[in-house]
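Everything on this sheet refers to the single structure shown next.
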Protein chains: 2
Amino acid sequence: MDQSLIKQYLLASFPQFEARLIETLIDNAFLKEFNEGDLLMNTGQNMRFTMLVVEGLVKLYREGEDGSEFFMYYIHPGGACALSMICSTKQQTSEIKASAVDKTTVLAVPTTLMDELMKNYKTWYYFVLETYRSRFEELLVVIDHISFKAMDERLEFYLEKQHHDLNTRALMLTHSQIANDLNSSREVISRLLKKMEQQKKVILHRSYIEYLK
Amino acid sequence: MDQSLIKQYLLASFPQFEARLIETLIDNAFLKEFNEGDLLMNTGQNMRFTMLVVEGLVKLYREGEDGSEFFMYYIHPGGACALSMICSTKQQTSEIKASAVDKTTVLAVPTTLMDELMKNYKTWYYFVLETYRSRFEELLVVIDHISFKAMDERLEFYLEKQHHDLNTRALMLTHSQIANDLNSSREVISRLLKKMEQQKKVILHRSYIEYLK
DNA sequence: CCAGAATGGTGACTTGAGTCACACTGGAGC
DNA sequence: GCTCCAGTGTGACTCAAGTCACCATTCTGG
């Protein structure tokens, strides 16, 4: 049944939540599934639910005016989208998108419930603040990289991150995909990858990259 | 007296705070003054106080490894540093600095008080969330600019922001300062400013720029 | 008033990275 | 087998922006 499934998910992914909070969430939230590639959140729409990721993987990226995109970070089970945690705000400026990388399950918590949760459950408000803080810091790291680092270093960091977040050395990525994520171009990425291969940091294959270091 | 001064400041800069919250703050927080150029917050130090700006102006910037800096945004009276709102976290990665632009007064609220404030005062937790949200969005805009825009556009945006935030057309900035804030070099900024002058968007003077558009 | 510092202007050069054009290759599907 | 196409490799070119060198102007402190 759905209720007990929610409980299982919460216990597994959000072990820090207090028992009463879990009960409240079971009574008020519902599960939602997304397939690979589905959009969880689109630009500027008013959020009526806070989404807690309980299974799968979500990719957050920024969309430029011309359609080019820019990878920011992944959200793993146990995380939530910071932006989805605010009850009904304008959000006109920020063009941000979230899409499922794998088959993903999220727990949708109505934003109308936020006041009560914040007030009554310490573990909830810790979670909200911690979510904001960590996303904030990730953005700072992103800013660091694009403003202070050159492409080769950014590429290495990107691959390291992929390796770490996806927990595999076999990175299923084409050069164009990487170029998109880093807002660069395929040729540039190809050349840099070639260099990295010579430095024995990766081995290149068709449609995937073996991460060594 | 200090107590009534705090009250005045709070009423002026944080009119949304409920009366009981203001009383609590009066009893537990204290004012702190900074002179122009003083550092309010340094890299990675554990924050023991949340700082609410009640007078003056605070500049937030990111420090690169080599000492170069990168302007992010201003905090006006009525605002607070999002990062200072988290009770004692690691914060090892983020090298972020806050310095006073003018003579600035802040209200220092002990972070040990956060739990109680969040729980008991709805206007407080709205404020905290709103602070996070708005800073987050500002960072997104920053990312947009450095990843999608060229220097000329970034410069125009920067000047527009200065004009808007400092509320004056007489921008007291040298070319080197601007270059620092944008993580560029003086010569580049000089040339671009020259172009903008030809386009009648600014008039250049020694040590200050008249913003026209 | 003078020396030195701060500020700004400019030409010449270098470089990282984006673009264009085109060639090669391995796999999927017929 | 063959075709087509996504994925990749590479040289040549362009351009924005950073760097270097040097000079001119204004300001400031003794």
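Order of the sequence lines sets the chain letters (A, B, ...), proteins ahead of strands, with each chain counted from 1. Everything quoted here is computed from the prediction, not taken from an experiment. Scope of the values below: all heavy atoms of this structure, side chains included, with no hydrogens, waters or symmetry mates.
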For B:Gln198 and C:dG9, give me the distance from atom CD to atom P, rounded to whole Å.
-> 11 Å
Whole-Å distance between C:dG16 P and A:Leu155 CG?
-> 16 Å
Find the distance B:Lys195:NZ to D:dA17:C1' and express it as a whole number of Å.
-> 10 Å
Protein-nucleotide distance (A:Tyr208, atom OH; D:dT8, atom C1'), rounded to Å = 15 Å
What residues 168-192 of chain B contributes to the DNA chain C interface at heavy-atom separation below 4.0 Å is B:Thr174, B:His175, B:Arg186, B:Glu187, B:Ser190, B:Arg191
Please state how far atom CE in B:Met196 lies from atom P in C:dG9, giving the value in whole angstrom units.
-> 14 Å
Take the protein atom NZ of A:Lys149 and the nucleotide atom P of C:dG16, then report the distance between them rounded to whole Å.
-> 16 Å
May I have the distance from B:Leu193 (atom CG) to C:dG9 (atom P), rounded to whole angstrom?
-> 8 Å
Nearest listed nucleotide, side chain of A:Arg206, among C:dA17, D:dT25, D:dG7 | D:dG7
Is the A:Phe70 ring parallel, tilted or perpendicular to the B:Phe148 ring (thresholds 30°, 60°)?
-> perpendicular
CG of A:Leu25 to CG of A:Leu107, rounded to nearest 0.5 Å, is 6.0 Å
Should A:His205 and A:Glu210 count as side-chain neighbours, where that means a heavy-atom distance under 4.5 Å?
-> yes
In whole angstrom, what separates A:His205's NE2 from D:dG9's P?
-> 12 Å
Is there a side-chain contact between A:Lys32 and A:Leu40, using heavy atoms and a 4.5 Å cut-off?
-> no
Spacing of CD1 belonging to A:Ile189 relative to CE belonging to A:Met196, to within rounding of 0.5 Å | 10.0 Å
Among B:His164, B:Lys161, B:Gln162, B:Lys59, which one satisfies side-chain hydrogen bond (donor to acceptor under 3.5 Å, both in side chains) with B:Tyr74?
-> B:Gln162
